[in-house]
Amino acid sequence: MTHGVPADVMLPVLVLAPLLAEHLPGRLGARAREHVRSVEDDGACRYLQRLAALHTYLVQATAGSGRYELHRSAEIGRHTLWDAAGLLQAQDTRSASAELIACERLMVQLADQVAQTLKRTHTEDGPADTGQLHTRERPLGPYPLGSEQTTRPTPHHTRGTSPLKGHHSMTQLEPGHAVRTAGVYLLFAHEPYYPGPGTQEINTTLVAAATLLHPRVRQPDGAQIHDRLTQGRQPGEIIPLATLTHELNGGADWPTVGDWESVTTDLLQLVREGECDALSLGLPEIARALICTGPHSHVRAYDAAADQFIAYGPTERAVVLAEVDMFLACLVAEQALWPGDGLLPPLTRHP
């Protein structure tokens, strides 16, 4: 009032001040929560960090670029990150696992499309390096553990063309070591690698189920996964790792069976060192995403050119597995996949 503020203004403010002090912080907090989502659980925070790393890649890709598809991908990524934070704020990671997996797949798809766009832009705008091998840019971190392919005595390599959109496939077969069985096969995806200079990217591997019994695979985890993998299957059936995850209560029961991450890392190491036969595939993005999902799940892909989402589900997944099976059948008709030497006995099931 000493500064000239009218008394009819100051007196109501003085009267309302205690009421405002009591209720205003809560109102402001509620308003702030409309624009801020807070996640405190350790597992939820780690999950959001993975998504945030992908979103950071999307945002960095748009810097200084006027391309619509890049900015649109970053916008969709921001909304996806916001939705994931909302799920984690309201639920735990297990109860929201299906929705969270869908969020992460979408972010990975966006990041991969952005990498492809950047690669095309570089090719269009920059000079062509005819003598240099160009590999696809990936924001997804390091390649899998494992040493480079070693030289084996008198190896027999069969190289063909996968029916999956022209991607090359590679098998490693050694005469004299094949075990003729009508067993099942394990199909699992992994971080991509290149077997040698100028070769096709390998991002998915199929091995005979018996390879899980190899002594260099983490045990008894490998034997326990083998037991679960071979229960109630048809001879020659291809079982994606994601199907086992689906059957194990969405992955919640994996701890009672084995450490699948260590087992698949060991399997890939055996394949790369030539200690077992494998069908090594370079699957296209959608095909690989489908075999990484359960048998009833769906994958959404964003088409930047049409600015719309395309859904792929169980039907398309079955087509991918059928094409892998057709290619595998041509190989095993000549010689079965060798699971390796010195295999451990399978678990004995008691009635």
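The chain is numbered in sequence order, starting from 1. Because the structure is a prediction, the values reported are computed rather than measured.
To the nearest 0.5 angstrom, D227 atom CG is 5.0 Å from L347 atom CG. Rounding to the nearest 0.5 Å places CD of E275 at 8.0 Å from CG of D341. Of the inter-residue distances, the one linking T245 atom OG1 with D253 atom CG reads 10.5 Å to the nearest 0.5 angstrom. Between the CG atom of D221 and the CD atom of E261 there is a distance of 11.5 Å, given to the nearest 0.5 Å. Going from atom CG of L248 over to atom CD1 of I225 covers 9.0 Å, rounded to the nearest 0.5 Å. Summarising the geometry, atom CD belonging to Q234 is positioned 9.5 Å from atom CD1 belonging to I239; distances are rounded to the nearest 0.5 Å.
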Can you check side-chain hydrogen bond (donor to acceptor under 3.5 Å, both in side chains) on T205 and H190, steps first, answer last?
-> CA-CA 8 Å; T205 296; H190 47 76; 2.7 Å; yes
Check the pair L48, L88 against side-chain contact (heavy atoms from CB on, under 4.5 Å), reporting the backbone distance first and the verdict last.
-> CA-CA 9 Å; L48 277 183; L88 291 169; 3.6 Å; yes
Derivation of the side-chain hydrogen bond (donor to acceptor under 3.5 Å, both in side chains) call for Y193 and N203 | CA-CA 7 Å; Y193 70 92; N203 56 34; over 6 Å; no
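Using a 4.5 Å cut-off between side-chain heavy atoms of Ile, Leu, Val, Met, Phe, Trp and Tyr, with links allowed through other members, L81 and V59 fall into different hydrophobic clusters.
Using bins of under 30°, 30° to 60° and over 60° for the plane-to-plane angle, the ring pair W254/W260 lands in the tilted bin.
Side chain of T80 to backbone of I76: a donor-acceptor contact under 3.5 angstrom is found. A distance-only check finds no donor-acceptor pair linking the side chain of D277 to the backbone of L337 [under 3.5 Å]. Of the possible donor and acceptor atoms, one in the side chain of Q219 sits under 3.5 Å from a partner among the backbone N and O of H214. Distance alone, capped at 3.5 Å, is enough to place a donor-acceptor pair between the E316 side chain and the G313 backbone. No donor-acceptor pair under 3.5 Å is formed between the side chain of R228 and the backbone N or O of Q224. Judged by distance alone, with hydrogens and angles left aside, the side-chain atoms of E237 form no donor-acceptor pair with the main-chain N or O of V184 at under 3.5 Å.
Residues satisfying the side-chain contact (heavy atoms from CB on, under 4.5 Å) criterion with I310, sequence neighbours excluded, are D303, Y312. Not counting sequence neighbours, S297 has no partner by the side-chain hydrogen bond (donor to acceptor under 3.5 Å, both in side chains) test. In this structure T230 satisfies the side-chain hydrogen bond (donor to acceptor under 3.5 Å, both in side chains) test with no other residue, sequence neighbours excluded. Shown here are the side-chain hydrogen bond (donor to acceptor under 3.5 Å, both in side chains) partners of R300, two or more places apart in sequence or in another chain: there are none. Not counting sequence neighbours, the partners of S262 by the side-chain hydrogen bond (donor to acceptor under 3.5 Å, both in side chains) test are D259. Listed by chain and residue number, L187, A189, L281, L283, R288, I291 satisfy the side-chain contact (heavy atoms from CB on, under 4.5 Å) test with T204 (two or more places apart in sequence, or in another chain).
Between D266 and R216 there is no salt bridge, since no side-chain N of the basic residue sits under 4.0 Å from a carboxylate O of the acidic one.
Closest approach of L87 and C103 over heavy atoms only: CD1-SG, 4.4 Å.
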